[in-house]
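Note on naming: letters A, B, ... go to the chains in the order of the sequence lines (proteins, then strands), and numbering restarts at 1 for each one. Hydrogens, waters and symmetry mates play no part in the numbers below; they use all other heavy atoms, side chains included.
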Amino acid sequence: MPNIIFEEVSPQFTFADKEKQTLEFWRDNNIFQKSMEVHKGDPPFVFLEGPPFANAPPGVHHVLARVMKDAVCRYKTMTGHYVHRKAGWDTHGLPVEYQVEKQLNITNKAELEAYGVQNFIEKCKENVFQYEQEWRQMTERIGFWVNLDDAYITLSNDYIESVWWVLRQAWDRKLLYQGHKVQPYCYRCGTTLASHEVALGYQEVSDPSIFVRFRVLSPLCGADTLPLKNRENTYLLVWTTTPWTLPSNVAVAVGEDYDYVCVEHNGQHLILAKECLPSLFGDEPPQIVASYKGSALRDWEYEPLFDIGQHPERAHYVVTGDFVTTTEGSGLVHIAPAFGQDDYEIGKKYNLPLVQLVGADGRLKEPGGREKVKESWAGEYVKAADPKIIENLNQRGLLFKATEYTHQYPFCWRCDTPLLYYARESWFIRTTAIREQMLQHNQQINWYPAHIKAGRFGNWLENNVDWGLSRERYWGTPLPVWVCDSCGHQHCVGSVAELQELGKVINPCKAAANTYTDVPTDIELHRPYVDDVVLACEKCSGTMHRVLDVIDCWFDSGCAHTAQWHYPFENREMLEQAYPADFISEAIDQTRGWFYSLLATGTLLYDKPAYKNCLCLELIMGPDGQKMSKSRGNTVAPSTILQEQGADALRWYMFTASPPWAPRVFKPEGIDEALKKFMGTLHNVYSFFVMYANLEQVDVLKDAPPVAERAIVDKWILSRLQMLIDTVREEMGNYHLTNAPRAIEAFVDALSNWYVRRSRDRFWGAKAGPDKHAAYATLYEVLVTVAKLAAPFVPFLADELYRNLVCSLDANAPESVHLAEYPVADAALIDEQLDTDMAFTREVISMGHAARNRSGIKTRQPLAELTLGGLSEAQQATVTRLAALVHDELNVKTIVFTADMNAFAQVTLKPNFKVLGPKYGKGVQAIAKALATADAAQLKATLDATGSLQVEASGETYTLERSDIDVQTQNREGFFVEADAHKFVALATALTHELTLEGLARELVNKIQNMRKEAGFHVSDRIQLSLNSPSSLVNEAFEAHRDYILRETLTTVVVETPGEDAFSLTQNLNGEPATLSVFNN
RNA sequence: GGGCUUAUAGCUCAGACGGUUAGAGCGCGCGCCUGAUAAGCGCGAGGUCUCUGGUUCGAUUCCAGAUAAGCCCA
């Protein structure tokens, strides 16, 4: 028995099983940790993990993000960087609260408070990690190397403390302030809703749609634009669908560039947008008495509809806003800043008073607390007030028209109450103050794909508004602002130490009210614990209580660059090294989420971009092309795939199917394809190598001849390998994680289907010698290099190859491919001419296959001659140089070149448009016509003879050179010919007696080989053979090619009569009968 | 309503500084090759390169508009 050089590769395996063994190997030998340690002194590459939520099971889109991150980190590691990989968990926020509420059957804040905030918070903590195990398993199983045991967790005290510190920086720079924000609000639940909740509750409803007359007081415009005779009788015609906001009206908005008209109607002058005339007056438009641009109406004052109380700001005049439309209503929009985002913005812009005559309970209030004008709707819920307000307007003659309006309106998804867009007191970060810096920093970020920079993200930054930070909720980082009960003084606490220094804890026991204890060092910074801390006011003798809000959880994760290190309380040096991050990658929806929050906090703190490279991933659609969702039932569970096809196949599919920034349809069949096409092929080449290397006992390290002395196919594949290395490095440098593995896949295909296929007999059966050694050395080098190249993408398979191929021979080699160095191309081995030549020759061979196929003569049958036409001299030289490949592959004895195109193919002449276009412009089309109608064969003869052509076209004579003409060929029927645009191959199909015999010999070999296989012989088993045929041809062929047949089939003895245990079959050999028997020696 | 992106074969995707025969894989049909293959090769069927206009000798490619889809925002 020969020594086993490499571990035998069993043909019975599944990739998924092998991966589990590799996982064990990694775990047992701490390969992940080592992959960081070996690069400890190398330049760092900073990866920042976007923290996922572990309160839902991971889906395929999470796998996508994780494998992308992993490939980049592995690549950077192998190219000599220290890549620290800290995991993270996002834990705060409304999604958690809602899950817990659902679980506890809590439907509003009052019930929650009754249940107890403390109990509730404890439930939230449990909820957050309910799927952590699944996440951990998925993460490990897909081979995402990230340190889960040292993860940053946004709910930890350390993390919160860092976030507090960040907020304090904003506070000190006066960037944290209190204002109003219009939010969807449920007055029954007493809470605002997040946008995704709002999206849950849209219903189609019918609301009042009313047009109200606002009496114009004193137009402030010049006399020349004023054909109005009777101003007292002039009204703005204003539209609204929320009558209950009319008591809070403070302005009317028009579109600056719209055309407005004043019409006479029933003795009154009404001002409205010209475009709205038809919808309001139908076929009988009233007479137009004046026209204005919207801008001309600005500042016109009108009589308030209702008393709004005392406000210092100017109110009740016309403003302009770009949100006004004329597709509905009148082109004049009622403005109540407390009840709409547009209204609020315009209120700020024009410094309008914030009149909010609706309470947080959803009931209408009297203005200014004055009781003297008791309106009929006071105390009514908003919708109930509508008819009363309409009736009031009607009685006062101010109602122009009242109809119904059907539209989508959001309702509370929990209690079905219509939501109000309602201005609530809220805390903000003044991001508008750092907008310019953020825009500048964005310029420094490399976005993949690039259009995000100026597109989605840039636009978002351009339109930046202050960050609404506070949430009137429970489960989140508490806003660390304390306010004095008596003087209103505010203070922002920036650390636990400061809290201890300034604060005291109220004794929770009622009996001991007004007694205090010190703030403990380990105080839990969540609500309600932190709510019990009070501070002594430094301005007066009052007591300061914390504002009860928590903050937007996006701010939490947005501080990850800093808070993951518990900076500045610890790890000061880490931050210096790790900011900005080199690389982040998340889904595109994070443009407004994490991508933004990181940039905003990073700009605020350090005035530097928070990350240098950002890979934006797109959504994954279900197999039906629809967005994956549980309700549609088109989700795909990663665990099943990992179980069956394995992680590498899933990863490869993720990388190669389409660029990750294009939305993709997830097709499980695609994973099978990755498995078969790439992994299967690579694995087969690998097992082929191992099998014969063990059989033939070649020492690939010692016996390797220099490349210059190796066969041409060796040089070719090694040249391609170097080009592949360059390509992969370049693509990876550009974060193109699709093109890099696609290039590897193309290479492996060429390796298997050309290099190995054409070299097979060099590996097996050939005599030991330089050529055989060259073949083994070449394939070995290629396989090891490919394993390294592919390691970031298919870390399991790559490691298996590497460990068996490299570690079996070299005890000093790194123990895993992931500890090895990424290949560097050897430019000296690149031979571009050879590459082009090989490509051309393969093209010729491919056409030869087509011609053979057309002839119906099987490839095993040798043919005498292959004729090639249309080749340039250089191309002929190429084919001659690589003729051995053509002979072997097409099984032909000789190759001839012919200049006579006509005999085999149909020739047409076309202008070379690319050359002639710029020369003759319009004339090109005429030349084309002339060439098409002329006798192509004759023209070509002239061209060949004289080197040029005269063509008459539309009255002009054009002289065309050889290079101006494109000679094209087409198949001519009736020959065994294959033609493409410029060349053809033709087969001579006549068989001589010798060829027939040789064909039979090869047929015999083929049949015997198949029988060996069927009989279950090992590849290296020697056999005895018997042949029994009545055909003299078969017998003659056997005798003529006896050596060849015996050698190919490892036959040592030919016997007359087979033994009893022989495996016998009667075969048809090209129509000749023969009985073959094979049996053991 | 706004912004961004996309539109190429039945499906998944390439591609072309603008050049007259637009490719691959999968799937389908037929054939071939094979003692490495969970393979491979060849042939065939399958395309108004979403539509309309513009620029141009020439547009699937560039420009404008439209339509559809996706995401984000309102």
Side-chain angles (χ1 to χ4, degrees), chain A residues 9 11 13-15 195 322-323 325 327 341-342 449 451-452 454-460 462-463 587-593 618-619 621 625-627 645 649 656-659 661-665 667 669-670 672-673 675-677 679-692 738-739 742 745-746 749 752-754 756-757 760 763-764 845-854 856-860 889 910-928 966 968 970 978 980-981 1005-1006 1008-1010 1012-1013 1017-1021 1048-1050:
Chain A
V9 182
F13 72 96
T14 69
F15 285 115
S195 58
D322 54 12
F323 54 86
T325 71
T327 48
Q341 189 59 36
D342 287 333
H451 62 74
I452 303 286
R456 193 179 278 211
F457 196 66
N459 286 331
W460 164 251
E462 299 269 0
N463 298 317
I588 184 85
D589 55 356
Q590 299 297 333
T591 29
R592 269 86 169 163
E618 255 292 357
L619 249 128
M621 314 288 193
Q626 300 281 307
K627 186 177 173 178
Q645 289 130 313
T656 55
S658 58
W661 48 72
R664 74 171 71 192
V665 177
K667 299 247 172 184
E669 312 91 79
D672 281 324
E673 203 185 317
L675 192 77
K676 286 182 195 169
K677 197 165 160 39
M679 294 178 49
T681 308
L682 179 57
H683 187 269
N684 288 329
V685 175
Y686 157 69
S687 66
F688 169 87
F689 174 83
V690 167
M691 179 177 191
Y692 288 116
T738 303
N739 284 352
R742 276 181 180 169
E745 185 168 289
D749 183 75
S752 171
N753 290 316
W754 196 241
V756 174
R757 182 161 118 214
R760 217 166 3 214
F763 288 93
W764 186 60
I845 288 171
S846 164
M847 289 170 70
H849 278 302
R852 276 206 89 109
N853 194 40
R854 217 183 286 282
I857 301 170
K858 56 180 72 169
T859 312
R860 273 197 300 274
E889 186 70 18
K910 289 219 164 143
N912 186 342
F913 287 97
K914 220 165 182 171
V915 175
L916 285 182
K919 234 193 261 185
Y920 296 126
K922 218 176 236 173
V924 177
Q925 303 303 334
I927 295 170
D966 194 15
Q968 299 199 341
Q970 286 94 34
E978 179 67 16
D980 70 3
V1005 169
N1006 172 255
I1008 296 166
Q1009 298 288 40
N1010 284 335
R1012 283 182 57 112
K1013 204 175 188 178
F1017 292 117
H1018 185 258
V1019 188
S1020 57
D1021 282 347
E1048 287 293 311
T1049 58
L1050 297 186

Subject >> Spacing of A:Glu618 atom CD relative to B:G70 atom P, expressed in whole Å >> reply: 12 Å

**OP:** Examine B:C41: is either OP1 or OP2 under 4.0 Å from a nitrogen or oxygen in the side chain of A:Ser846? Give yes or no.
**Re:** no

Original post:
Is there a side-chain contact between A:Phe688 and A:Asn684, using heavy atoms and a 4.5 Å cut-off?
Top reply: no

**OP:** Nearest whole angstrom, please: distance from the C1' of B:C57 to the CG of A:Asn912.
**Re:** 15 Å

Subject >> Aromatic ring of A:Trp460 stacked on base six-ring of B:C72, 5.5 Å, 30° >> reply: no

Original post:
Can you tell me how far P of B:C13 sits from NZ of A:Lys677, to the nearest Å?
Top reply: 17 Å

Original post:
So does A:Tyr692 get a side-chain nitrogen or oxygen closer than 4.0 Å to the phosphate oxygens (OP1/OP2) of B:A36?
Top reply: yes

**OP:** Could you check if a side-chain atom of A:Glu1048 sits within less than 4.5 angstrom of a side-chain atom of A:Ile1008, using non-hydrogen atoms only?
**Re:** no

**OP:** State the CZ-OH distance between A:Arg760 and A:Tyr692, to the nearest 0.5 angstrom.
**Re:** 9.0 Å

Original post:
Which ranges of RNA chain B pair up as stems, where a stem means three or more consecutive Watson-Crick or G-U pairs with both distances under 3.5 Å?
Top reply: B:1-7 with B:67-73, B:10-13 with B:23-26, B:28-32 with B:40-44, B:50-54 with B:62-66

Original post:
Which part of the nucleic acid does A:Val9 contact within heavy-atom distance under 4.0 Å: base, sugar-phosphate only, or nothing?
Top reply: nothing

**OP:** To the nearest Å, give me how far apart CZ (A:Arg456) and C1' (B:G3) are.
**Re:** 8 Å

Original post:
Atom CD of A:Glu462 to atom P of B:G3: distance rounded to whole Å?
Top reply: 13 Å

Original post:
Taking only side-chain nitrogens and oxygens of A:Arg757, does any of them come within less than 4.0 Å of OP1 or OP2 of B:A39?
Top reply: no

Original post:
What nucleic acid atoms does A:Arg852 come within less than 4.0 Å of, heavy atoms only: base, sugar-phosphate, or nothing?
Top reply: nothing

Subject >> A:Leu1050 side chain reached by A:Asp1021 side chain, heavy atoms, under 4.5 Å >> reply: no

Subject >> A:Glu673 CD - B:C11 P separation (whole Å) >> reply: 16 Å

Original post:
Looking for any heavy atom pair under 4.0 Å, which part of the strands does A:Val915 touch: base, sugar-phosphate only, or nothing?
Top reply: nothing

Original post:
Counting only side-chain N and O atoms of A:Lys910, is one of them less than 4.0 Å from OP1 or OP2 of B:U21?
Top reply: yes

Subject >> Whichever of A:Met691 and A:Gly917 has its nearest RNA chain B nucleotide further upstream toward 5' >> reply: A:Gly917

**OP:** For A:Phe15, answer base if it contacts any base atom (sugar-phosphate contacts may also be present), sugar-phosphate if it contacts only those atoms, and nothing otherwise; contact means non-hydrogen atoms under 4.0 Å.
**Re:** base

**OP:** State, with a plain yes or no, whether a side-chain heavy atom of A:Met691 is found less than 4.5 Å away from one of A:Val9.
**Re:** no

Subject >> Under 4.0 angstrom between A:Asn1006 side-chain N/O and B:U34 OP1 or OP2 >> reply: yes

